[in-house]
Structures are given as C-alpha cells and as structure tokens.
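Report on the following structure.
Chain letters run A, B, ... following the sequence lines, proteins first, then strands; residues in each count from 1.
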Number of protein chains: 2
Amino acid sequence: MHLELTAVETVACCSPLTREPLSEPEAEGIVPLLKALADPVRLRLMSLVASHEGGEACVCDLNDAFDLSQPTISHHLKVLHEAGLLDREKRGVWVYYRARTEALENLATLIGGKEQ
Amino acid sequence: MHLELTAVETVACCSPLTREPLSEPEAEGIVPLLKALADPVRLRLMSLVASHEGGEACVCDLNDAFDLSQPTISHHLKVLHEAGLLDREKRGVWVYYRARTEALENLATLIGGKEQ
DNA sequence: CTTAAATATTTACAGTCATCTATGTCTTGG
DNA sequence: CCAAGACATAGATGACTGTAAATATTTAAG
C-alpha cells in the first residue's frame, strides 16, 4: 500500500487543459510526465518500446539504437520508469521495458481532449 | 514565406508514438512542444488561456494568477508562443494570448493516438 | 567459485533553465 | 510633449539535467 501517487496516477483525475484552469497541485502532478517525454532520447525510447513487437523491448536492443553510452540509456529508462510510463521486468540477465499505453492515453486526453 | 517549420508544424506529420519508432529529426521537432508544456507555470498558463472565455486572455489577467514577477510570466508566455502553442495579439495597451487548440490536439494524437 | 555479460549506480561536469531586478518600448491620456 | 501603465528584453544567478567514466550488482555458464 502506498499513499503517494506516482506521476502517472495523477493524470487521469483531471479534466482536459482546455476545460478549466488546472490547479497548481494538478499541474505539479502532470509535469513529471511531460518532463519525462520532453527529451529527444527519451521520446524515441518511449516510441521504440511502444512500437516494438509485443509492446516491450530489452535494454540491449535499445542501446544499439543510440550513439550514447549504456549508463546514459539506463538513466533515461529510469526516468521514464519512475514517471510511470514504462514498466520493468527482469528476465534472466535481460531487463525488458514495456510501455504503459494507458498512461500515454490519459496524458493525451488531458492535453487534447475534446468534451462532448 | 518561411522554410523552417515551427515546433507545432512538425507534429501533425508523424504517426503516433506507439505505431512506429520516431526518427531522431521527428523527435527533435516534437520535443520543443513537450518542453514548453513541461513546466508547472506554463502548463497552468496554457490551461488558463485555453479555458478562458473566448479562448483568450490578456497578460494582466494571467499575472494575477501567479505569485511570480511580471517578467517571469512574460518569459513563460514567450516560450509557449515560440513553441506555437499560443498566438499573440496586441490590442491597444493590452496583449492577448490565444490557445492554439489544434496544436494541442495534434500533440495529443501523437502521444496517445489509437489507430483504427 | 570464477568469469563474463547485462544492466544499474555513483560521481563529476558542462550546459540549460526558471527566476529576479533593472531597464526598455510602446500606447494612451492629459 | 509628458507621464503613467502594460508588457517585453537584458543580464545575473542558483538550481537542475544530460552525459560520460568508473564502479557495482546480478545472473548464467563452466
């Protein structure tokens, strides 16, 4: 049991940006998600994982897609994981990351959601 | 005539994140939009403007909503404007900002878009 | 148990950014 | 023309962040 909400859990609670002014606490809850995506490497990582077959990818695959050191990729994956955008699962020596598409969908609704 | 695309113009061109891996240039085009929103003050500013009656608000209204100096608010509005998320119009002494909701919608589709 | 491979953590540093103060520009009223 | 108000710009500073090198951790193989 945990009382603190992760970044991703705070998103679904709010009506779209254009509906009514976002409160400061609401904004503080959403910003970590946007920050996590607001980096070219992390945005591509997210896209790579999400579009990978099975919706998951292991770090070994991801490292090769970038001209960056392994610790740097590991760092970016951690940021995405802590924001609630990626799930982690260790299988043997490998770690697989899986995209939390419902988190992306909630965020999308918040940004561009249209009310009926 | 301008050849450079603003941040907002690069968004509509891409299929959703989860459809196929984002190229580096695509990511570089989208990140400025996400960066612009990835700040609590700017996210609230965006929401305030977008939800304001008429879809626009003058700076004088916006300043009062924050415990920040006027130049700081002006700076944040500039960032949102340069990202293509807010339009500016000066009317007399006042400057009105208007939300570009189609930019928000395009971004939302890119983040959480579902394919049929 | 040793070794190798996959991934994470730590530390350090250079670059970016949010904020403020001070100042500038522009518009209106008198 | 002058003064005041609305907003923007410039410069400075402290905090945060993306990156790499070095090191640690974990797992499997032999």
Side-chain angles (χ1 to χ4, degrees), chain A residues 7 22 24 27-49 52 56-99, chain B residues 7 22 24 27-28 30-49 52 56-83 85-99:
Chain A
L22 218 54
E24 186 175 345
E28 297 283 357
I30 295 158
V31 158
L33 272 174
L34 291 166
K35 272 200 161 92
L37 293 176
D39 176 274
V41 174
R42 287 196 295 268
L43 191 62
R44 288 181 62 205
L45 278 171
M46 195 70 208
S47 180
L48 275 169
V49 173
H52 203 265
E56 66 176 16
C58 88
V59 180
C60 51
D61 298 329
L62 301 171
N63 275 324
D64 297 345
F66 297 87
D67 201 22
L68 292 170
S69 69
Q70 173 266 320
T72 296
I73 299 298
S74 185
H75 160 71
H76 285 304
L77 289 169
K78 184 180 185 182
V79 171
L80 289 166
H81 174 60
E82 289 182 340
L85 289 166
L86 288 180
D87 276 336
R88 276 185 71 185
E89 189 186 349
K90 185 159 188 174
R91 297 210 286 271
V93 187
W94 296 277
V95 173
Y96 290 80
Y97 283 91
R98 174 175 291 275
Chain B
L22 218 54
E24 185 175 346
E28 296 283 358
I30 296 158
V31 159
L33 272 174
L34 290 165
K35 272 202 162 89
L37 292 176
D39 175 275
V41 174
R42 287 196 293 269
L43 191 62
R44 288 181 62 206
L45 277 171
M46 195 70 208
S47 181
L48 274 169
V49 172
H52 203 264
E56 65 175 18
C58 86
V59 179
C60 50
D61 297 328
L62 301 172
N63 274 323
D64 297 345
F66 297 87
D67 201 23
L68 292 170
S69 69
Q70 172 265 318
T72 296
I73 299 299
S74 185
H75 161 71
H76 285 305
L77 289 169
K78 184 181 184 180
V79 171
L80 289 167
H81 174 59
E82 289 181 341
L85 290 166
L86 288 180
D87 276 336
R88 273 185 73 188
E89 189 186 349
K90 185 160 187 174
R91 296 208 288 272
V93 186
W94 296 278
V95 173
Y96 290 81
Y97 283 90
R98 173 174 293 273

Whichever of H76(B) and P71(B) has its nearest DNA chain C nucleotide further upstream toward 5': H76(B)
Length of the line joining L34(A):CG and dC17(C):P, which is rounded to integer Å: 16 Å
Over all atoms of both residues, closest heavy-atom pair of A38(B) and V31(A): O-CG1, 3.8 Å
Side chain of V93(A) - closest among dC7(D), dT27(D), dG18(D): dT27(D)
Residue-phosphate contact under 4.0 Å: Y97(B) side-chain N/O, dA8(D) OP1/OP2: yes
K78(B) side-chain N/O to dA8(D) phosphate OP1/OP2 under 4.0 Å: no
Length of the line joining D64(A):CG and dT7(C):C1', which is rounded to integer Å: 14 Å
Closest-nucleotide 5' rank along DNA chain D - winner of K35(A) and G92(A): K35(A)
Sugar-phosphate, base or nothing in reach of R88(A), heavy atoms under 4.0 Å: sugar-phosphate
side-chain N/O H75(A) vs dT19(D) OP1/OP2, d < 4.0 Å: no
Atom of R42(A), atom of L80(A) and distance for their closest heavy-atom approach: O-CD1, 3.6 Å
Minimal non-hydrogen separation, A57(A) against L62(A), with atom names: CB-CD2, 4.1 Å
Under 4.0 angstrom between S69(B) side-chain N/O and dC20(C) OP1 or OP2: yes
Sugar-phosphate, base or nothing in reach of L68(A), heavy atoms under 4.0 Å: sugar-phosphate
Nucleotide dT17(D), atom C1' - distance to CG of L37(A) in whole Å: 16 Å
Nearest heavy-atom neighbours spanning H76(A) and D39(A): CE1-OD1, 3.8 Å
Distance-only donor-acceptor test (3.5 Å): side chain Q70(B), base dA8(D): yes
Sugar-phosphate, base or nothing in reach of Y96(B), heavy atoms under 4.0 Å: nothing
Value in whole Å for how far the P atom of dA18(C) lies from CZ of R44(B): 16 Å
Sugar-phosphate, base or nothing in reach of F66(B), heavy atoms under 4.0 Å: nothing
Touch class at under 4.0 angstrom, heavy-atom based, for N63(B) against every strand present: nothing
Side-chain N,O (T72(A)) to OP1/OP2 (dA20(D)) below 4.0 Å: yes
Out of dT9(D), dC7(D), dT19(C), whichever nucleotide has its closest atom nearest the side chain of V41(B): dT19(C)
R42(B) side chain near dA18(C) phosphate (N/O to OP1/OP2, under 4.0 Å): yes
Between C1' of dC16(D) and CD of E82(A), the distance in whole Å: 15 Å
Separation of dA18(C) C1' from L43(B) CG (nearest whole Å): 16 Å
E89(A) CD - dA6(C) C1' separation (whole Å): 16 Å
Interatomic distance where CZ belongs to R91(A) and C1' belongs to dA5(C) [whole Å]: 18 Å
Exercise: identify the closest heavy-atom pair between R44(B) and A65(B): NH2-O, 3.7 Å
Minimum heavy-atom distance A27(B)-P40(A), with the two atoms named: CB-O, 3.9 Å
